[in-house]
Amino acid sequence: MGWVNRRRDLGNVIFIDVRDRTGLTQIVFDKSDNPALHEKASQLRSEYVVAAIGKVRKREEKTINRNLPTGEIEVVATDLKLLNESKVPPFLPGDPALANEETRLKYRYIDLRREPMQYNIELRHKVALAIRQYLAAQGFFEIETPFMTRSTPEGARDYLVPSRVYPGEFYALPQSPQLFKQILMISGFDKYFQIVRCFRDEDLRADRQPEFTQIDLEMTFPQPDRVFEVVEGFLQAAFKVAGFELKAPFPRMTYDEAIRQYGIDKPDLRLPKLTDVRAAFTAEQLQSLQLNTELPVVAIRIPRIGELSRKERDDNRPLFGERKDARLIDDVKRLEKSFPEAVAKARELAGAQPEDLLVLVGGPVQVEKSGLRPDYGVFMAAGQFRVELSRKYADRHMAFRQGGFHFVWVTDFPMFEWDEADKRWNAAHHPFTSPHDRDMDKLESDPGSVRALAYDVVLNGTELGSGSIRIHRQDVQKKIFSALGMSEDEAKARFGFFLEALEYGTPPHGGIALGLDRIVMILAGAESLREVIPFPKTAKAVDLMVDAPTPVSEAQLRELGIKIR
RNA sequence: GGGGACGUAGUUCAGUUGGUUAGAACGCUGCCCUGUCACGGCAGAGGCCGCGGGUUCGAGUCCCGUCGUCCCCGCCA
């Protein structure tokens, strides 16, 4: 039984490819064997649903189709049941030319019949199952937490659900089960996990959907190492499903190292490191290049790529020109004429081979985002530039074709970030993250230097997950709120229920959450989350199939006490 | 909120400097065909050129607006 994938009518013999979740099978109808049945088969059309009864026959040698797993057999039909007809579909699941995504999403049920989508959804199932099995075997309980909960104005915008019983009041859909899982630790549930939907009302991207799935976990009494071990374990299990063996433990680097060596807090270890080659230049040389002598000169070494053409250089220049916080000096060939010794020294410092391209980037810097050291801005810009370059050249240069999965733990994130717009410190991860013991005394004097027991797991430059050891002591939690400029009353109003829970014997605890969609996307080799989510939203957060969101009736609104202006 | 790309047949696309009857492939319909497997051959149907306005003797093509899809920035603790 299955769908008619293709019909090949040769006149007196008809071949039907029947498709189901497992693939294709050829059914043969021969007029000379059974004229009535052959006539019936000639009425079949694409996507009709059929049941064929017959004998499975080994194909003759010259009619074997090596391209098909079932290509050595076929079913010789003795009976045929038409279970359902189909309108002519807007596109055929077997068509190699892919329909426009708008059409695919509107007719998602047809799109999902396509073999690649069937593969992705099956992969998603298997990955989730492997993770569940691994965590269950490690003693984790999967415990559900509410979808209708309390709005927390921190962080992303909440999706709100109006309460009918309390007009004017709202539930919020969770951005993550963060506080519930911490309370589960306080409740004595030791090891918790959940593969759970999270909701954020923010603008979308190829790798961001308003509802997405996290592998959320939390445990009592862990060191970060213990969390890493669990995550590495379930990632190994998940990647094995797709046929990849991961080596564990994953390498680690601190946030500061990542910024210094890769210019970004989610380094792609396949790419070469950055080097500060300021020491190669004299102060006069830097001034003649109109560079701030206090700031680094970052060498971006691109192995075995040769010199950039004028056009390639110009194409990439805007990446810096628009940012205003860094300046592309030039590629080294041109600088060499003015400062041959300096360039030679810079090459040496960066460990550049003759065929390597060196691109130099320098200040001045305009810090926009944080209280980090000002030179980080340059590094971040450089990191971005480098990634763009690597994509551009990916097809031509083996240097960037190294396959494989390069995981890294990035640890010791800053506890706070300076919010320039609001002139205050924000929690870099979230306010329940524990600072390092050794930095406790700097919470007030120098918040920017406080490091947190927060960590990210990064794969090939993509952040897969983020977690921390949490604060389990009331007094520490109060200090953090105060460092964030939150009064005691304010903290009580927002998180009172949680602060109260903290007072009743809270064990040390910590955990992490990883994006399931992103993991599956990477394993599927997909470019967008929409390829691994059965019913995704468009970039404007619309479901094209069910046509949501929609206005609702006056009666519904009245019942909720809501007026639309 | 901002920037960019795209929108032509059911689908994927082409459409020259603005020029009179808008094309191709796949799909669809009919006929032919006994070993195809992206079957093949012949014939045919199928178009509000996203929508609205403007410029022009004349607009798929130029201009303005608008809607939709995609990508990026902001945003996403």
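So that the names make sense, note that chain A is the first sequence line, chain B the second, and so on, each numbered from 1. Only a predicted model underlies this, so the values are computations on that prediction, with no experimental measurement involved.
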What is the separation between atom [atom1] on [X] and atom [atom2] on [N], rounded to the nearest whole Å?
| X | N | atom1 | atom2 | answer |
| --- | --- | --- | --- | --- |
| A/I14 | B/C39 | CD1 | P | 14 Å |
| A/D9 | B/G35 | CG | P | 13 Å |
| A/D207 | B/C75 | CG | C1' | 13 Å |
| A/E74 | B/G35 | CD | P | 13 Å |
| A/E39 | B/C31 | CD | P | 10 Å |
| A/N12 | B/U36 | CG | C1' | 13 Å |
| A/D456 | B/C76 | CG | C1' | 14 Å |
| A/F15 | B/A38 | CZ | P | 12 Å |

Considering every strand and a 4.0 Å limit on heavy-atom distances, what is the contact class for [X]: base, sugar-phosphate, or nothing?
| X | result |
| --- | --- |
| A/K540 | sugar-phosphate |
| A/F91 | nothing |
| A/R57 | base |
| A/S46 | sugar-phosphate |
| A/P96 | base |
| A/A97 | nothing |
| A/L10 | base |

When you get a sec, tell me which of [options] is the closest nucleotide to the side chain of [X]?
| X | options | result |
| --- | --- | --- |
| A/L544 | B/U69, B/C75, B/U36 | B/U69 |
| A/R205 | B/C72, B/C76, B/C37 | B/C72 |
| A/E101 | B/C76, B/A38, B/C70 | B/C70 |
| A/T103 | B/U12, B/C75, B/C39 | B/U12 |
| A/A539 | B/C37, B/G30, B/C70 | B/C70 |

Between [X] and [N], is there a contact of a side-chain N or O with OP1 or OP2 at under 4.0 Å?
| X | N | result |
| --- | --- | --- |
| A/R530 | B/C71 | yes |
| A/R6 | B/A38 | no |
| A/R8 | B/C39 | yes |
| A/R45 | B/U29 | yes |

I'd like the P distance from B/G60 over to B/G54, given in whole Å. 15 Å
Suppose you measure atom P in B/C32 against the same atom in B/C49; what distance do you get, rounded to whole Å? 38 Å
Which sits closer to the 5' end of RNA chain B, A/N65 or A/P90, going by the nucleotide each is nearest to? A/P90
Suppose we define a pair by two distances each less than 3.5 Å, Watson-Crick or G-U wobble; what does [N] pair with here?
| N | value |
| --- | --- |
| B/U56 | none |
| B/U11 | B/A25 |
| B/A5 | B/U69 |
| B/G40 | B/C32 |
| B/C76 | none |

When only distance counts, do a donor and an acceptor, one from the side chain of [X] and one from the base of [N], lie under 3.5 Å apart?
| X | N | answer |
| --- | --- | --- |
| A/T63 | B/U36 | no |
| A/D30 | B/U34 | yes |
| A/E102 | B/G50 | no |
| A/R59 | B/C37 | yes |
| A/R208 | B/C76 | yes |
| A/R7 | B/G27 | no |
| A/D203 | B/G74 | yes |

Is [X] salt-bridged to [Y], cutoff N-O under 4.0 Å?
| X | Y | value |
| --- | --- | --- |
| A/R113 | A/E47 | yes |
| A/E102 | A/K106 | no |
| A/R530 | A/E101 | yes |

Quick check on the 6.0 Å ring-centre criterion: do A/F29 and A/F15 meet it? no
Ring centroid separation A/F432 to A/F495 under 6.0 Å: yes
Using atom types as modelled and distance alone, determine if a side-chain donor or acceptor of A/E211 lies under 3.5 Å from a backbone N or O of A/R197. no
Using modelled atom types only, decide if a donor and an acceptor are shared between the side chain of A/D543 and the backbone of A/K537 within a distance under 3.5 Å. no
Side chain to side chain donor-acceptor pair (under 3.5 Å) between A/Y192 and A/D216, worked out: CA-CA 8 Å; A/Y192 143 94; A/D216 190 48; 2.9 Å; yes
